[in-house]
Protein chains: 2
Amino acid sequence: MTHTSLILERFVRKMESRCSLSPNDREAVLALPVMQRTYQPNTYIIREGELLQRHCAFIISGFAIRQKLTNVGARQIVSMHLPGDLLDLQHLYLNYADHNVQALTLMEAAEIGRPALRRLVLRNPRVATAMWIDALVDSSISREWLLNVGQRDARGRIAHLLCEFAARMTAAGMASDSGYELPMTQEQIGDAVGLTAVHVNRTIKALKAENLITRDKRHLHFHDIEGIRAIAGFSSLYLHLDQITTDPEDRPGDERGA
Amino acid sequence: MTHTSLILERFVRKMESRCSLSPNDREAVLALPVMQRTYQPNTYIIREGELLQRHCAFIISGFAIRQKLTNVGARQIVSMHLPGDLLDLQHLYLNYADHNVQALTLMEAAEIGRPALRRLVLRNPRVATAMWIDALVDSSISREWLLNVGQRDARGRIAHLLCEFAARMTAAGMASDSGYELPMTQEQIGDAVGLTAVHVNRTIKALKAENLITRDKRHLHFHDIEGIRAIAGFSSLYLHLDQITTDPEDRPGDERGA
DNA sequence: TAGCGATCGTGACATTTGTTGTGACCGGCG
DNA sequence: CGCCGGTCACAACAAATGTCACGATCGCTA
């Protein structure tokens with residue numbers, strides 16, 4: 001049906017933002033069997049420890065998070081995903097899930113069976129490259145989060161989260177120039193940056209008091225984005241937003257390793 | 001020369017611990033052009049921001065770390081690598097390095113040119129799968145570190161680091177049953193778990209006082225590994241040590257996505 | 001052999017962050 | 001309409017962690 005093909009068009013666009021595809025590749029992607037599915041807020045999509053013979057989900061609308069729990073139940077959100085993100089490449093080749101994946105808001109996803117996806121990767125090198133890059137960017141973000149939580153103080157951490165989200169929402173065409181809808185509660189922000197909800201509250205209050213941001217319900221408005229960036233020490237390089245690969249073989253002549 | 005082939009044998013073994021290879025695959029890996037190289041302690045192997053048209057390194061002996069710096073110079077170690085680890089898959093398909101890679105000790109590495117490695121991946125699906133898995137395990141470790149730094153207290157963080165290292169060193173055949181050589185200073189431990197060197201010192205002192213560990217120069221000895229595991233809340237599942245894939249196509253019949 | 005830099009050890013004190021508890025607000029639902 | 005759960009706000013106090021300062025040790029090299 002045409003609805004399915006709209007979704008796959010979007011998936012193609014996502015892949016092409018990572019690696020340019022041939023007409024063949026495009027066709028193969030468009031032929032993928034997908035199943036659309038809706039998740040209520042807070043529903044688990046994958047549970048840690050679960051045996052994986054599932055599918056990978058592509059987010060159509062809404063937001064998802066990935067998180068882990070310590071033995072004593074403390075929760076760390078390890079990543080956030082927005083519409084257009086591929087939801088778990090991270091588990092494509094593993095037997096057991098090592099973390100939980102959860103819908104943050106009401107969420108619609110297109111699910112692609114693992115076997116179909118693996119076959120696509122086998123037969124279409126440029127698609128494979130696009131998926132590699134997607135997974136690598138994911139890892140890069142994860143490293144930046146580790147730096148954030150490990151080395152910045154509360155202000156810096158929160159400011160950094162807001163900046164990253166701004167950059168990603170903008171890239172997804174979901175932000176106005178001065179703000180966006182932030183779909184997280186203060187408690188969730190705390191779980192993402194390793195702080196308690198109370199301290200998140202204090203810190204955001206301070207940011208508001210300095211006229212850097214305002215928050216109205218879920219809408220976040222930047223009054224001084226440069227100020228926030230400075231506090232965060234934010235640079236978007238780690239998002240690899242401009243990463244485009246044209247040749248999976250990497251033929252540019254300089255074969256130093258040879 | 002025979003020395004080179006010894007190194008590649010080891011590389012093959014690494015790949016085979018991730019995905020079983022065909023004789024063809026093995027041959028292709030063994031035919032890779034490698035260049036051996038020695039790095040002095042603290043030498044940079046890759047620098048953040050650098051344009052990547054380099055090689056990937058396979059560690060023969062010694063240790064390496066990957067790290068990032070904040071704008072104010074605070075350092076977060078985001079991962080550690082030991083002999084037998086593939087040192088930067090993380091950058092295989094990216095244009096710019098998003099973090100630094102540094103030798104921790106005197107280190108010998110075998111360097112494989114990026115083009116050669118990419119070609120190998122294109123032509124040998126099982127090798128590609130092995131490398132996917134390697135990269136995914138890397139990400140999984142990164143997530144666990146994030147959980148560690150974000151949610152555990154100082155004792156838990158350090159205990160967890162020690163447990164992880166024990167598990168990995170054991171898997172690499174480099175640990176005795178009661179301990180191993182830990183190649184990090186207290187300051188480096190601090191940079192890995194998001195604490196100051198002073199506090200690392202305090203915490204380790206407490207662990208010693210409770211007769212859980214002793215440290216003699218660089219040698220770490222566990223007196224009560226179960227005690228340490230309990231403090232860390234350690235479970236080795238996230239290391240995916242038993243992960244072996246046999247079929248890149250994932251054909252087991254259940255094509256739910258279809 | 002003496003000196004030097006890196007690492008470890010430790011104490012006193014400062015600061016950040018967590019904990020507990022309580023109330024206001026708001027939106028959904030009986 | 002009124003209740004109720006979730007979220008936000010905020011205050012007082014407790015605990016964890018950072019900062020600064022200094023000395024001890026040890027291996028290396030001039």
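To find a chain, count down the sequence lines: A is the first, B the second, and so on, and within it residues start at 1.
A straight line from CD1 of B:I189 to P of C:dG9 spans 10 Å, rounded to a whole angstrom. Atom NE2 in A:H199 sits about 18 Å away from atom P in D:dA14, given to the nearest Å. We find that CZ of B:R215 is positioned 15 Å from C1' of D:dC26, with the value rounded to whole Å. Across the protein-nucleic acid pair, A:E187 atom CD and C:dT19 atom P stand 12 Å apart, rounded to whole Å. Nucleotide D:dT17 holds its P atom 13 Å from the CZ atom of B:R152, rounded to whole Å. Atom CG in B:N201 sits roughly 16 Å away from atom C1' in D:dA16 (whole-Å rounding). We find that CE of A:M184 is positioned 14 Å from C1' of D:dT7, with the value rounded to whole Å. Rounded to an integer number of Å, the gap from B:D153 CG to C:dT17 C1' is 13 Å.
Between the side chain of B:R202 and the base of D:dG18 there is at least one donor-acceptor pair of N/O atoms closer than 3.5 Å.
If you find the closest nucleotide of DNA chain C to A:R157 and to B:K205, the one lying nearer the 5' end belongs to B:K205.
The listed nucleotides are C:dG9, D:dC20, D:dA9; the one nearest the side chain of B:Q186 is C:dG9. When the nucleotides D:dC8, D:dT19, C:dT17 are ranked by their closest atom to the side chain of A:R218, D:dC8 comes out on top. Checking C:dG27, C:dT17, C:dT7 against the side-chain heavy atoms of B:T185 singles out C:dT7 as nearest. Which of C:dT17, C:dG11, D:dC10 sits closest to the side chain of A:L195 comes down to C:dT17.
Overall bending of the helix from C:dT1-D:dA30 to C:dG30-D:dC1, expressed as the angle between end axes built from five pairs apiece, is 30° (10° steps).
Residue contacts shown for B:G190 are absent, as no nucleic acid heavy atom lies under 4.0 Å away. Among the heavy atoms of the strands lying under 4.0 Å from A:A154 are primed sugar atoms or P, OP1, OP2 only; no base atom is included.
Between B:K208 and C:dG9, a side-chain N or O to OP1/OP2 separation shorter than 4.0 Å is present. One finds a side-chain N or O of B:K217 lying less than 4.0 angstrom from the OP1 or OP2 phosphate oxygen of D:dG27.
Counting only N and O atoms by type, the side chains of B:D98 and A:H240 include a donor and acceptor under 3.5 Å apart. At a cut-off of 3.5 Å, with distance as the only test, no side-chain donor of A:E48 or A:H99 sits close to an acceptor on the other residue. B:E164 and B:Y238 are linked by a side-chain donor-acceptor pair at a separation below 3.5 angstrom, with hydrogens and angles left out of the test.
Classification of the A:F165-A:F63 ring pair by plane angle, with boundaries at 30° and 60°, yields tilted.
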Does the pair A:R66 and A:Q90 meet the rule for a side chain to side chain donor-acceptor pair (under 3.5 Å), with working shown?
CA-CA 10 Å; A:R66 298 195 271 141; A:Q90 291 303 322; 4.7 Å; no
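Ion pairing between A:R155 and A:E210 holds under the 4.0 Å rule for side-chain N and carboxylate O.
Residues A:H81 and A:D138 are in side-chain contact: their nearest non-hydrogen atoms beyond the backbone lie under 4.5 Å apart.
Formation of a donor-acceptor pair under 3.5 Å by the A:R157 side chain with backbone atoms of A:G194 is found in this model.
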